[in-house]
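Below is one structure, written out as structure tokens; the observations come after it.
Read the numbers this way: they start at 1 and go in the same order the structure lists the ligands and their atoms. Here the structure is a predicted model, which is why all the values come from computation and not from measurement. Throughout, numbering of the chain's residues begins at 1 and tracks the sequence.
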Amino acid sequence: MNIESIEKKLLKQNIETKKKLNFSLEVFPPKDDPDGEKLCNLIEELKKLKQYEPKLVSITYGAGGLGSREKTLECAKKIKEELNFNCMPHFTCINSTNDFVLNYISEIQKLGFNNILALRGDIIKDEKRQNNIKSDFIFASDLIKFIKENSSINISAAGYPEGHNEAKSLEDDIKILKLKSDLGASSIYTQLFFDNEKFYIYFEKAKKLNINIPIIPGILPITSFNQTYKMTQMCHASIPKKLFQKLEKYQNEKQAIFEIGYEHACSQIKELINFGVNNVHFYTLNKAKITDNILKECL
Ligand code: FAD
């Protein structure tokens with residue numbers, strides 16, 4: 001093969017790669033936003049990413065405390081009105097009743113969407129409060145089963161490349177992933193991770209268990225050392241030693257952290273594409289700039 005045809009082949013591969021990568025954006029409904037200003041800011045941020053045609057925007061549910069629950073659909077409505085993006089509202093079933101779930105799904109569908117991310121949610125540590133709230137569900141799998149039996153909405157679920165913190169082992173957790181898939185989840189969105197090896201192992205173990213639905217890697221573009229550290233503690237994700245040392249060293253230099261975060265996310269995504277991934281999920285933390293730069297480089 002001569003140089004010209006190799007170049008042509010690479011260009012063709014590149015074009016094919018460009019066509020292949022889909023992505024979604026995760027946002028959270030702004031808290032303490034009585035006049036809706038923060039929600040308008042979020043719309044402005046998302047507008048900056050419209051040119052890249054996100055496959056969907058997923059919107060967290062109650063992740064900032066119970067008070068933010070009713071904000072999820074409000075946020076989805078605004079995104080639809082202003083940007084006409086497809087949305088996937090999240091839902092956590094802990095402390096929820098069957099009727100509440102059916103009503104929530106009907107609200108999603110009235111807004112013109114047909115997706116839900118079905119989650120259990122974190123267990124409230126205040127046991128007294130926990131016991132006082134009626135719940136028809138224990139695990140996300142109960143929710144997935146119920147939704148599948150009672151609605152035609154497209155169900156996605158959460159997965160954990162490093163294992164969920166309550167699971168005895170990664171193997172046990174992947175068995176739960178299999179259950180979620182068998183009960184009706186049609187795709188899995190993963191927890192954020194910074195070491196692709198963890199994802200590859202997870203993916204291979206899932207394949208061995210005949211989990212054949214898409215497993216979509218969650219990418220957090222790092223823009224702050226403290227925030228990333230706190231998040232990884234909360235969601236039990238690890239930061240590789242070399243990356244941690246770099247972040248720690250430059251923690252007070254905003255631009256340096258941004259560049260480290262950008263470089264790391266770009267190389268994660270490029271390697272994931274080489275692995276065969278054609279869809280990634282960005283944890284945007286409601287800011288567009290770094291995701292914008294990454295998409296410019298990786299799409
Ligand atoms: P489950 O799948 O129910 O798993 C919880 C634990 O129970 C795991 O250890 C699992 O192995 C075990 N388990 C599950 N089913 C069974 C079973 N049948 N028998 C025995 N053990 C079982 N939280 C929010 O509050 N709001 C959000 O919007 C939100 N969005 C998220 C988005 C993504 C992509 C991810 C990855 C997480 C999100 N979370 C959110 C966090 C999530 O709610 C927590 O991680 C929660 O602790 C577990 O939820 P789950 O749906 O994975 O639970």
Using the ring of each side chain (for Trp, its six-membered ring), is [X] parallel, tilted or perpendicular to [Y], with breaks at 30° and 60°?
X	Y	result
Phe100	Tyr104	parallel
His281	Tyr189	perpendicular
Phe146	Phe137	perpendicular

Is it true that [X] and [Y] have a side-chain N and a carboxylate O under 4.0 angstrom from each other?
X	Y	result
Lys207	Glu204	no
Lys77	Glu74	no
Lys175	Glu171	no
Glu259	Lys246	no

When you look for heavy atoms under 4.0 Å from ligand 1, do you find them on the side chain of [X], its backbone, both, or neither?
X	answer
Leu179	side chain
Phe28	neither
Glu166	both
Leu119	both
His164	side chain

- Message: Is it the case that the side chains of Glu26 and Thr284 hold a donor-acceptor pair, with the cut-off being a distance below 3.5 Å and no angle test?
- Response: no

Mark up the atoms of ligand 1 that fall under 4.0 Å of a heavy atom belonging to [X], in ascending order.
X	value
Ala158	35 (C), 36 (C), 52 (O)
Ser141	15 (N), 18 (N)
Ala167	9 (O), 11 (O)

Below 3.5 Å, N or O to N or O, backbone or side chain included: is there any such pair between [X] and ligand 1?
X	result
Thr60	no
Ala140	yes
Thr92	no
Asp122	yes
His281	no
Leu117	no
Asp173	yes

- Quick one: are the ring centres of Phe225 and Phe244 less than 6.0 Å apart? yes

- Task: Measure centre to centre between the rings of Tyr160 and Tyr202, then say whether the value is under 6.0 Å.
- Result: no

- Item | Charged tip of Lys80 within 45° of Phe85 ring normal and under 6.0 Å | no

- Sub-4.0 Å heavy-atom approach of Gly218 to ligand 1: no

- Item | Among Tyr160, Tyr283, Tyr189, Tyr61, closest by any non-hydrogen atom to atom 37 (C) of ligand 1 | Tyr160

